[in-house]
Amino acid sequence: MRIDGKGLIDRSITVPFAFDGQRYHGFAGDTLASALLANGVRMIGRSFKYHRPRGLLTAGPEEPNALVTVGQGSGATPNLRATTQEIYEGLEAVSQNRWPSLNFDVMAVNDLFSRFLSAGFYYKTFMWPKSFWQRVYEPIIRRSAGLGALSGDPDTARYEQAYAFCDLLVIGAGPAGLMAALTAARAGADVILANEDSCMGGRLLAETEPLDGEAAHIWVARVLAELAAMDNVRLMRRTTVTGVFDGGAYGALERVTTHLANPAPDAPLEAFWRITAKQAVLATGALERPVAFPMNDRPGVMMAGAVRSYLNRWGVAAGQKVAVFGNNNDAHRTAHDLQEAGVEVVALIDSRADAAVSGDFPLFTGAQVINTRGRKSLGEVHVQTASGVEVIEADCLAISGGWNPTLHLSCHLGGRPVWNDSIHAFVPDPKNCAGLHVAGAAGGVFSTKGALKSGVFRAKEALKALGMKAPSMPLPVAGDAEFSITPLWQVKGKKRAWLDFANDVTVKDVELSARENLASSEHMKRFTTQGMAPDQGKNSDVGALAVLADATGRSIAETGTTTFRPPYVPVPIAATGSAGAGKGFAPERFMTSHHRSLEMGAPMIEAGLWYRPSYFPRKGESTWRQACDREVAMVRGAVGVCDVSTLGKIDVQGPDAAAFLDFIYTNRMSSLKVGRVRYGLMLREDGMVMDDGTCARLGDRHFVVTTTTAAAGQVMRHMEFVLQGLRPDWDVRITSTTEQWAQFAVAGLKSRDLLNGLLEVPIENDSFPFMACGEVRIKGVSARLFRISYSGEHAYEVAVPARFGAALFDLLLERAQALGGGAYGLEALNVLRIEKGFLTHAEIHGRATAFDLGMERMITPAKDCIGKVMADRPGLKGPLREQLVGLKPAGAAKLMAAGAHLFMQGDKAVSDNDQGFVTSPCYSPTLGHPIALAMLQNGRARHGEVIDMVDHLRGVRTACVVCDPVFYDPDGGRCRG
């Protein structure tokens, strides 16, 4: 029920919403949880395993019970916490894990058989017969257990990825976080203040304690107004920092429009942020923990702090008759706040015999709750006192077993928390928090004054690390009540006592784990499922560890926590992978010409991880062959432009760079003159060819190596291994610059004319001969020019920093079209290189040696290189090896197929007679018939022989003539002219 005069919501704005088809209304500022509680809805869900009725337990993101599905159809989002979901007009929410309805759930029969469904029962019950698991057991278990379900339809909502950078990231906007942000902001630091709640202020919004002589929320509003007015501060509401990663990187999930009825059409539902911060302050507060007493999971049993929050922030009484049970002084505040608001407090129960309690309500010290009654809502609380058992009528029981610092983020880089005896909780270990300064309740400081002071102190530490001077910061006047607690982890009894409400884990389950000798915290977690799924240790971790410690005769500190990993809260896959919406899991790499290629209608094909245009269709062309043949003829007769940015580019510099490249390549690179390029071959350590490419010398100690697209990563790893493992004494630095340079091939008779229309200093055949390289300028931009050819024509490759790539492609294309040329794609590129007999990894397939490829003379005798000795092994040379040859049809032109096998004419096409295979076939518009490159046994000695090419898959059999692999311009005159 609502309490007049209480709460920070706007009661002038009524907000209608629906839950399980029933219409309700709340007010602006309500969460779904507070609005349902105000409307008298006590039961909100069913438990995971036993399908027991469950109500609200908390008021924040740690809520284990009140998980709902919001929306319908493809827009339905399951497993949202009612405690964090803000209401808006038209909100449709439904309960989960029940059938056919929340009020009558058939699967509640599980609770009657709970003695047979204890922890680990599935490990022992469903082992026989073996065949039943997949057909019987698993379907039944999956149908009966689980939480919310996805619709199965594609998610049409929009998500975004965003990036932010700052000097100081403050995580949490409670008293410590606000003071830390204010201190750093006044010092001039670039500050991001991230808070997962819609309202900043943390527990100051849920308390009646004054701050600086006024209501705490007024002080909060004043501080936020000052921060919002500063240009160096970004306030990020509804943003949960979900993970801490190396290098000051933080993941954060922002709920952008989940609270809006009519968001802007282009607004995302959520955004996943990657925040890079030089320093950070962790001010995430603390989470109240329950006490495990018999039947402590009924709707109406809630955390004392949550009851206080619903009262003071949302103006909602959690019940009409409220009992309070705790083992610490903080629980008393709930009783007093309720009484002052006019809510009947039927009992304050403190388990400490020496507790100093006061109030105009029944008081019980040295007492414990031993049972509750009520199925779908709480009706009675049974209290064991020194004089006997008291039965108290109550519809709400507020419990408090102490507070656990919210330290999860401090452990994401592998650190472990340490036990603090004064608060009986784990706290972050400062030694494991480099760059992350823990403030306030997250570090075990529970008083308001202490939190404020801690926030200033940690901010000053961070500013010092940043080399900035902290301003003088007077603290506001605040309460400094001492936190007093005597631990009470469980109340013994015959009935079940819940530790993990989200996973239906009881005290008996943890004790069974210890008896089964699964006594480590990690083993217990997996045996019982404690702390998994929605809970992630937020509510249950320390209580379960205490029970495990008691069962094994260890202390809680000796037992230790389980491992905390990101994310801290569930993060939708759609948010983290928003850039890949509608795509697969493989990464995608796009060239700078990508969008222009799509505009020109080019279909994209995958080459490695890159997307490259296959061909550029023109009006009237109905097949890819028509476009490909035109593009080949265009390059041979005029000029073509092709984006070759996907080639691997490795920058090699240092005094020993030339010696290093001599060791890497089979041929000598140290003799290469500055301003020249040389073709090179690399071998693996076993003597097989790894890759081919070019090496350009830009300076005495500066080389640029290009690799094939497919082998760019492999060659880079190979070079790193050589430097680190074989020659660490060499002074060489290698850097992959593949994505830093956009590179374009300009090929054809008119290629020099095209470039001279763009270069600030024109080039000639003598001034820039074949295999030359050097720095040039295009439209005021520094570029690199290489006169190399992968087409067999007079050609160049021009490289510019990637940011200029799209603009340069447009310029080159415009010039090419004016000269009767245009763009050509991967299909034409492949035809051009096959006509010239140039290699790709179809030929360098991992089993080919330099001898096989006809390049044995490239292994320089006068120097050593990787793979040289192994390449000379017996069996890697001679007539039995498959050698690179060309194939052309014998007689009428027929199809040549990649992967087809080669046989002597007349031989049966079986594996015993196999002579080789086709690596790269194509139709050559230049020659007017199909051609192919192939690996044929003793192939170089068989030029002119007719053999059979057989492709059983396609049903093709063609007679082919073996020939030289260079079909076009064998003397290379067109390249040099």
Side-chain angles (χ1 to χ4, degrees), residues 631-645 647 649 669 671-680 693-700 702-706 741-801 804-805 807-824 829 832-833 835-836 838 926 966 968-977:
E631 290 171 9
V632 171
M634 177 184 70
V635 173
R636 298 288 185 219
V639 64
V641 176
C642 181
D643 193 334
V644 294
S645 302
L647 295 175
K649 308 173 199 66
M669 295 300 175
S671 61
L672 189 62
K673 295 180 179 179
V674 175
R676 302 293 291 176
V677 183
R678 184 168 291 164
Y679 177 77
T694 62
C695 178
R697 192 166 195 168
L698 301 181
D700 288 337
H702 186 188
F703 297 80
V704 172
V705 170
T706 63
W741 292 90
Q743 194 155 316
F744 303 94
V746 182
L749 296 173
K750 300 179 182 179
S751 56
R752 186 165 58 225
D753 295 337
L754 186 154
L755 286 174
N756 279 339
L758 299 175
L759 297 174
E760 292 183 1
V761 179
I763 59 174
E764 297 296 338
N765 200 47
D766 293 336
S767 64
F768 210 87
F770 182 59
M771 300 302 275
C773 66
E775 301 285 341
V776 296
R777 291 184 68 81
I778 301 176
K779 303 291 186 181
V781 175
S782 294
R784 291 173 177 172
L785 187 63
F786 309 87
R787 188 172 168 186
I788 52 180
S789 176
Y790 195 57
S791 61
E793 298 295 333
H794 186 120
Y796 302 84
E797 289 186 13
V798 56
V800 294
F804 301 114
L808 179 59
F809 183 70
D810 288 344
L811 285 174
L812 294 172
L813 197 57
E814 181 183 354
R815 289 280 301 165
Q817 290 168 347
L819 294 170
Y824 64 99
L829 178 69
L832 291 166
R833 71 95 184 169
E835 289 179 345
K836 278 296 293 180
F838 291 150
T926 307
V966 182
Y968 176 76
D969 189 29
D971 60 359
R974 297 179 71 90
C975 294
R976 295 174 173 82

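Below, each value reflects all heavy atoms present in this structure, side chains not excepted, and no hydrogens, waters or symmetry copies.
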Apply side-chain contact (heavy atoms from CB on, under 4.5 Å) to E797 and L647, showing your working. CA-CA 11 Å; E797 289 186 13; L647 295 175; 4.1 Å; yes

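- Each of V639, V641, L832, D643 was scored for a side-chain contact (heavy atoms from CB on, under 4.5 Å) with Y824, with one residue passing: L832.
- Here ring pair (Phe, Tyr, Trp, His ring centres under 6.0 Å) pairs that include residues 742-780, with residues two or more places apart or in two chains, are F744-F809.
- Checked against ring pair (Phe, Tyr, Trp, His ring centres under 6.0 Å), Y790 has the following partners two or more places apart in sequence or in another chain: F838.
- The list of salt bridge (Lys or Arg N to Asp or Glu O under 4.0 Å) pairs with a residue in residues 753-768, not counting sequence neighbours, reads E760-R777.
- The distance from the OG atom of S751 to the CG atom of L812 is 11.5 Å, given to the nearest 0.5 Å.
- Across C642 and L829, no two heavy atoms sit closer than the pair SG-CD2, 4.5 Å.
- Shortest non-hydrogen contact noted between R815 and G757 is NH2-CA, 3.5 Å.
- At least one side-chain heavy atom of R974 sits under 4.5 Å from a side-chain heavy atom of L749.
- If you take CZ on F786 and CG on L698, they are separated by 6.0 Å, rounding to the nearest 0.5 Å.
- For C695 against F703, the heavy-atom pair with the smallest separation is SG-CD2, 3.7 Å.
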How far apart are the C-alpha atoms of V781 and L808, what are their side-chain angles, what is the distance that settles it, and do they pass the side-chain contact (heavy atoms from CB on, under 4.5 Å) test? CA-CA 10 Å; V781 175; L808 179 59; over 6 Å; no

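- For the pair R697 (side chain) and D700 (backbone), a donor-acceptor distance under 3.5 Å is present.
- The closest donor-acceptor contact from the side chain of T706 to the backbone of G693 lies at 3.5 Å or more, if one exists at all.
- Side-chain contact between P769 and R676 is present, with at least one heavy-atom pair separated by less than 4.5 Å.
- Rounding to the nearest 0.5 Å places OG of S789 at 13.5 Å from CZ of R833.
- Closest approach of P801 and S782 over heavy atoms only: CD-O, 3.6 Å.
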Residue pair R752, N765: steps toward the side-chain contact (heavy atoms from CB on, under 4.5 Å) verdict: CA-CA 9 Å; R752 186 165 58 225; N765 200 47; 3.4 Å; yes

Worked verdict on I788 versus M771 for side-chain contact (heavy atoms from CB on, under 4.5 Å): CA-CA 5 Å; I788 52 180; M771 300 302 275; 3.8 Å; yes

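- Looking only at side-chain heavy atoms (C-beta outward), H794 and K750 stay at 4.5 Å or farther from each other.
- Applying the side chain to side chain contact (heavy atoms under 4.5 Å, CB included) rule to L759 yields the partners L755, N756, I763, V776, I778, L785; only residues at least two apart in sequence or on another chain are considered.
- Residues meeting the side chain to side chain contact (heavy atoms under 4.5 Å, CB included) test with T926, sequence neighbours left out: V632, R636, E835, S924, Y968.
- Of the possible donor and acceptor atoms, one in the side chain of R787 sits under 3.5 Å from a partner among the backbone N and O of C975.
- Between V677 and C773 the shortest heavy-atom distance is CG2-CB, 3.6 Å.
- For G805 against A742, the heavy-atom pair with the smallest separation is CA-CB, 3.6 Å.
- R784 is linked by a side-chain hydrogen bond (donor to acceptor under 3.5 Å, both in side chains) to nothing, counting only residues two or more places apart in sequence or in another chain.
- Side-chain contact between L758 and V798: absent, with no pair of heavy atoms (C-beta onward) separated by less than 4.5 Å.
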